[in-house]
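Numbered from 1 within each chain, the chains take letters A, B, ... in sequence-line order.
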Protein chains: 2
Amino acid sequence: MPVTMRDVAERAGVSIKTVSRVVNEQGEISEATRQNVLAVIKELRYRPNLLARGLVTQRTNTIGLVIGDITNPFFSEVARGVQDVARAEGYNIFLANTDSLPDDERKVLRSLADHAVDGIIIFPNSDNEELIGELASREQPIVLVNYLLNHEHVGLVTTDLYAGSRLAVDHLAAKGHQHIGMLAGSNLVVGNNQGRRLRGFRDGLAAYGLPDNPDYVRISPGNMEGGHAAALALLAQHPQITAIYAYNDLLAMGALQACRQMGKRVPDECALIGFDDILMVSLVNPSLTSVRIDKSNLGQQAMHQLLSMIRNPDQPPAPIVLGVDLVIREST
Amino acid sequence: MPVTMRDVAERAGVSIKTVSRVVNEQGEISEATRQNVLAVIKELRYRPNLLARGLVTQRTNTIGLVIGDITNPFFSEVARGVQDVARAEGYNIFLANTDSLPDDERKVLRSLADHAVDGIIIFPNSDNEELIGELASREQPIVLVNYLLNHEHVGLVTTDLYAGSRLAVDHLAAKGHQHIGMLAGSNLVVGNNQGRRLRGFRDGLAAYGLPDNPDYVRISPGNMEGGHAAALALLAQHPQITAIYAYNDLLAMGALQACRQMGKRVPDECALIGFDDILMVSLVNPSLTSVRIDKSNLGQQAMHQLLSMIRNPDQPPAPIVLGVDLVIREST
DNA sequence: CTGAAAGCGCTAACAG
DNA sequence: CTGTTAGCGCTTTCAG
């Protein structure tokens, strides 16, 4: 049985409220009693029960971070950014992986709300816009990362995914590639993540008068295995393809494996561009060209946005868009 | 203002306790009222307030996971393992990075306890054994990963680090290396993590009659930059060294960079062995030999251990030791 | 400057 | 099978 505020109060010979005051550094208290209470707190090793406090204040100093998979370096870098500012501001974070499964996402969101988190940062899938809107309307501060949703009370921090795709196609076109494939994600709904990436890709092709064959675009899970399998199939069915643009670096890594396996030399026979610029792609051979995102900053901005929503509930959040640039390496 | 149990009770025309019963699926209730209450819950979209529940039950269904840096693939793989079983068992996890700073570690531990987590999994540094012991004695279930501490109420899940070092030295000795350096961590206290690794290394050297020069062992932070700098210095000062054993793969990657920079060919002029076997080391060129750990399993075991401590507070936990093996690649 | 009382939302006896 | 009464540990009126 841990020591409670009442224990401190009794030992110090003051009321429980007085203890509360010194703990929360609020109200005016004579320095004498303050010191006295402080001493007792130390002596008894009193620690406030945050559940109890949260129950009354409706603030827990916790936030939820909902991502696809912490094992993906992109997410872990972002998570680090979130964590760093959270820590600095006195927040603890609940971390949850969803593997991009809408159903898990839904459960996690509910669970976090049940735990009375002060806010949520999420990399959403489509299929849950309704729930997200509902949470937002219920005063649950929530910021979406890399996903656009039109809702007054939803925070938005995103990367310029469209521009990233354009940069990639510009580069490939300049290198003279005619048939360019793309490895896309499973959620192609317009308005979100993949939508903007795919749109940028298509617009880029159009800008250079390159063939926009729907079969050149493959949907795959966002990990290496997915990229490997998808690239294998794509290159086998369309040998004329000489360049592949992947929506994240893990996919590009998988495509690299596929090329090796098929005996295609990179970049001579097949050029490769990834997205995110995770550390790994700069270390492999050949190193991979990638659209760079400042991942830590993405996380930091998301957390800052969330904090401002928490502290100013009435002020509608201003969307933030972060730029990208292309890091050219050996794979192109 | 969210809907409460009282609201449901009134709307359903039953007592608040009855609602509590159906929510918690406890006690016998007539199917009729049960269905009725269920309907009202659905209608009102009632969700239980977990803070309130936790305040009375002393159980929050949350645990804390305290690691060095989620950005290190080793930790993110482990975290994934922890998360997977946590999710399956209905637990949410607080994630906290400490960058191996004892002071941050201390704060984080306190903070987690304040949030009334049901248990804690931590990759500890030395310097906090006292606090850990104190928490454990206060009935706070806690399991240490890759760290040995003799305390009846502390759970222990560890990798056989000593054996890992022995495997590494065996392999290097068999390859004919005479002068072997080691990149070690900053916490060399006997009994823990580094202690066992270093001991295995030294015992290995002794077993083969190889020189055990204290200056061959360098302390460095556990990231690539650290490994880079340490290897650079080590190789410059002791050109006779032809092999380096690093306590984690990130360090080994840094050492690889150092070799490239110095024009030393790997493995011909300098062999490299890492630890953890993160994905990255299999993808670089040359690929790195590494002591393999089943990282996900490590996390899963830790979570299982913690759960059993939570559910059987009186039963002292049985330490778990996981085996390692050597994955030989191009760097040796 | 300090205290008494009420209540956050829930579960736990103990009755009925 | 169901309801009443406390009380978890804390903060918040509102008095003193």
Write down the distance between [atom1] ([X]) and [atom2] ([N]), rounded to a whole number of angstrom.
| X | N | atom1 | atom2 | result |
| --- | --- | --- | --- | --- |
| A:Leu55 | D:dG9 | CG | C1' | 9 Å |
| A:Arg59 | D:dT12 | CZ | P | 11 Å |
| B:His115 | D:dC8 | NE2 | P | 22 Å |
| A:Arg6 | C:dA6 | CZ | P | 14 Å |
| A:Gln58 | C:dG9 | CD | P | 6 Å |
| A:Leu51 | D:dC10 | CG | C1' | 11 Å |
| A:Leu50 | D:dG9 | CG | P | 14 Å |
| B:Asp114 | D:dC8 | CG | P | 19 Å |

Test of understanding: with side-chain contact (heavy atoms from CB on, under 4.5 Å), list the residues that count as partners of [X], not counting sequence neighbours.
| X | result |
| --- | --- |
| A:Arg110 | A:Arg106, A:Leu131, A:Glu134, B:Arg47 |
| A:Asp84 | A:Arg80 |
| A:Thr57 | A:Arg53, A:Arg59 |

**Report entry** Counterpart residues, salt bridge (charged side-chain N to carboxylate O under 4.0 Å, His left out), relative to A:Glu43 (two or more places apart)
**Finding:**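 Applying salt bridge (charged side-chain N to carboxylate O under 4.0 Å, His left out) to A:Glu43 gives A:Arg11.
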Report task. Taking ring-ring contact (aromatic ring centres under 6.0 Å, His included) as the test, write out the residues that go with B:Tyr46, two or more places apart. Result ->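 Residues passing ring-ring contact (aromatic ring centres under 6.0 Å, His included) with B:Tyr46: none at all.
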Query raised in the report: ring-ring contact (aromatic ring centres under 6.0 Å, His included): which pairs involve residues 85-107 of chain A, sequence neighbours left out?
Result: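 Only A:Phe94-A:His115, A:Phe94-B:Phe94 qualify under ring-ring contact (aromatic ring centres under 6.0 Å, His included).
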**Report entry** Side-chain heavy atoms of B:Asn223 within contact of B:Asn72, under 4.5 Å
**Finding:**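 Result no, sub-4.5 Å side-chain heavy-atom pair not found.
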Query raised in the report: Is A:Thr4 near enough to D:dC10 that one of its side-chain N or O atoms lies under 4.0 angstrom from OP1 or OP2?
Result: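 Answer is yes, contact under 4.0 Å.
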For nucleotides 3-5 of chain D, list the nitrogen or oxygen atoms of the protein found under 3.5 Å from its nitrogen or oxygen atoms, one pair per line.
unit_1, atom_1, unit_2, atom_2, d
D:dG3, OP2, B:Ser15, N, 2.9
D:dG3, OP2, B:Ser15, OG, 3.3
D:dG3, OP2, B:Thr18, OG1, 2.5
D:dG3, O6, B:Arg21, NH2, 2.8

Pairs of donor and acceptor atoms involving the side chains of residues 299-307 of chain B, under 3.5 Å and at least two apart or interchain, shall be tabulated with distances.
unit_1, atom_1, unit_2, atom_2, d
B:Gln300, NE2, B:Ser296, OG, 2.9
B:Gln301, NE2, B:Asn297, OD1, 3.1
B:His304, ND1, B:Gln300, O, 3.2
B:Gln305, NE2, B:Leu156, O, 3.0

Query raised in the report: End-to-end bend of the helix from C:dC1-D:dG16 to C:dG16-D:dC1 (five-pair axes, 10° rounding)?
Result: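 About 30° separates the two local helix axes.
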Query raised in the report: Do we see a donor-acceptor contact under 3.5 Å between the side chains of B:Thr159 and B:Asn146?
Result: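 The answer is yes; a qualifying pair exists.
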